[in-house]
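To start, the structure under review is shown below, and the notes come after it.
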Protein chains: 2
Amino acid sequence: MAHREFKRKIYAEFARIGNALGSARRLELLDLLAQGPRHVEALAIETDMSVANVSQHLQVLRQARLVDAEREGAKALYRLADKHVLDLWLTLRSVAEERFADLGQFRREVDVYDEDSLVPRDELESLIRDRTAVLIDTRPTREYEHGHLPEAISMPMDELPKRLHELPQDRPIIAYCRGDYCLFADEAVALLREKGFEAHRLEGGWPEWWAEDRAVAGGG
Amino acid sequence: MAHREFKRKIYAEFARIGNALGSARRLELLDLLAQGPRHVEALAIETDMSVANVSQHLQVLRQARLVDAEREGAKALYRLADKHVLDLWLTLRSVAEERFADLGQFRREVDVYDEDSLVPRDELESLIRDRTAVLIDTRPTREYEHGHLPEAISMPMDELPKRLHELPQDRPIIAYCRGDYCLFADEAVALLREKGFEAHRLEGGWPEWWAEDRAVAGGG
DNA sequence: TCTTTATTCAAGCGTTCAATTGATTACTAT
DNA sequence: ATAGTAATCAATTGAACGCTTGAATAAAGA
């Protein structure tokens, strides 16, 4: 094969993947799929898009081999094609964070955000093992069931207000959710503090934890 | 700030970067810039594009903060914005390699390719230190000068045929170039073997080496 | 079998994108 | 000043994209 032809072909393949990452809507879908597999309609509801539009974006992601679909009777279950796709997404995000100052700015403008009490992932394991803190997963139940951090208690954000009595007052509570740009954990921390608990937010969420090959629970 | 507005904004920022990665031409430029800084015209010549077209693609990359420009009088010198951009590009490429079988296929169809004698990067350091092998950099001189592997001898592919006498016949020669998808090193290995040398190709090239924070030489 | 549900396909329309061309700006050298 | 060089800008073209709408499948349930 000629050199120029070879180059043209390989860059075209790489660009196919880049192109799939070039739409905010598709990244939103990818980010949701990083939490666990989902049906088309669920994605449409969560992202506020039409089902047809979601379906078409999923085709693009699928042609770029970033997601896989599995048919379950009438439904189609989509998931990330593999863990390296998550790596790619997280790398893209971290480059964006470094290079765009306004991303951090947006974050800080969100009212529930508290920058100072983030718990690094490396510190979490010992805190939980020694039972010096309690870990709660504030994502929807479905996502918790698909996979969660070891020892984490499922406490979806919408149930939290009526389940406060289940949490200890004498130990700090650490909340996590879908990741750095998800606000469930921030809301949980804000609510818990208002009610007199000591609460902190884990740095990152399920995808960051999972991508780093740390111990996990649940799923199958 | 409202949640939905927040989400829309951050995904739009992420997509700006994804979008910049969604053109084969821009990836070609990025890949060249991974070798070292370059002027617009040099990029145009190497990629066979018009200067105006290159300039416009560079604007897109610059708006995505993937490259930076520095003015040198009448000229503009472009470079990767930082090392994390290289990480992103290499991650994208490795996802592509895993997910698209035909990429490896294209590679194997190139006549000078020899899959079996790749030297892993981890083995290189001891081979060079003990002087059991000689390392040659087959990229153009400019790129060698910008930065190269320790102990590497500059031996640009187009000069190699008339400089064979500089190389030892009693030790293996290891060649590297711009990376996995660059063919200079393959060509060098093919030529050297034809002339009776023992020759091997390093796995990856300068960008892969540099991205892994290994020891380097040259540059400034 | 007929309906319902979940998803994909196909057509259409306005928008954005890639590449070309020629003009323009900014600097250098004579 | 004047010519030359390097890069960018502006206007244009056709192609590709994003989203909507409505039809087409394909499986599940009555």
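A, B, ... follow the sequence lines: proteins, then strands. Residue 1 opens every chain. Side chains included, hydrogens not; waters and symmetry mates left out as well; all remaining heavy atoms used. Note that the structure is a prediction, hence the values are computed from the model and not measured.
- At a threshold of 4.0 Å, the pair A:Arg38-A:Glu46 counts as salt-bridged, since one of the basic side-chain nitrogens sits closer than that to a carboxylate oxygen.
- Non-hydrogen atoms lying under 4.0 Å from DNA chain D are contributed by B:His39, B:Val40, B:Glu41, B:Val51, B:Ala52, B:Ser55, B:Gln56, B:Gln59, all within residues 36-63 of chain B.
- Side chain to side chain, A:Asp137 and A:Tyr176 meet the donor-acceptor criterion of an N or O pair below 3.5 Å.
- A salt bridge does not link A:Arg107 with A:Asp180: none of the charged nitrogens is closer than 4.0 Å to a carboxylate oxygen.
- Using modelled atom types, one finds no donor on one side chain facing an acceptor on the other under 3.5 Å when comparing B:His57 with B:Arg25.
- For B:Phe14 and A:Trp89, the distance between ring centers is under 6.0 angstrom.
- Contacts of residues 64-79 of chain A with DNA chain C (heavy atom under 4.0 Å): A:Arg71, A:Ala74, A:Lys75, A:Ala76, A:Tyr78.
- The side chain of A:Arg26 lies closest to D:dG18, out of D:dC17, D:dG18, C:dC17.
- There is a side-chain donor-acceptor pair under 3.5 Å between B:Tyr181 and B:Glu97.
- The local environment of CZ in A:Arg142 is sparse, with at most 12 non-hydrogen atoms from other residues, nucleotides or ligands closer than 6.0 Å.
- If you check the side chains of A:Arg16 and A:Gln63, you find no donor sitting under 3.5 Å from an acceptor.
- When rounded to the nearest whole Å, the span between CG of B:Leu21 and P of C:dA18 equals 13 Å.
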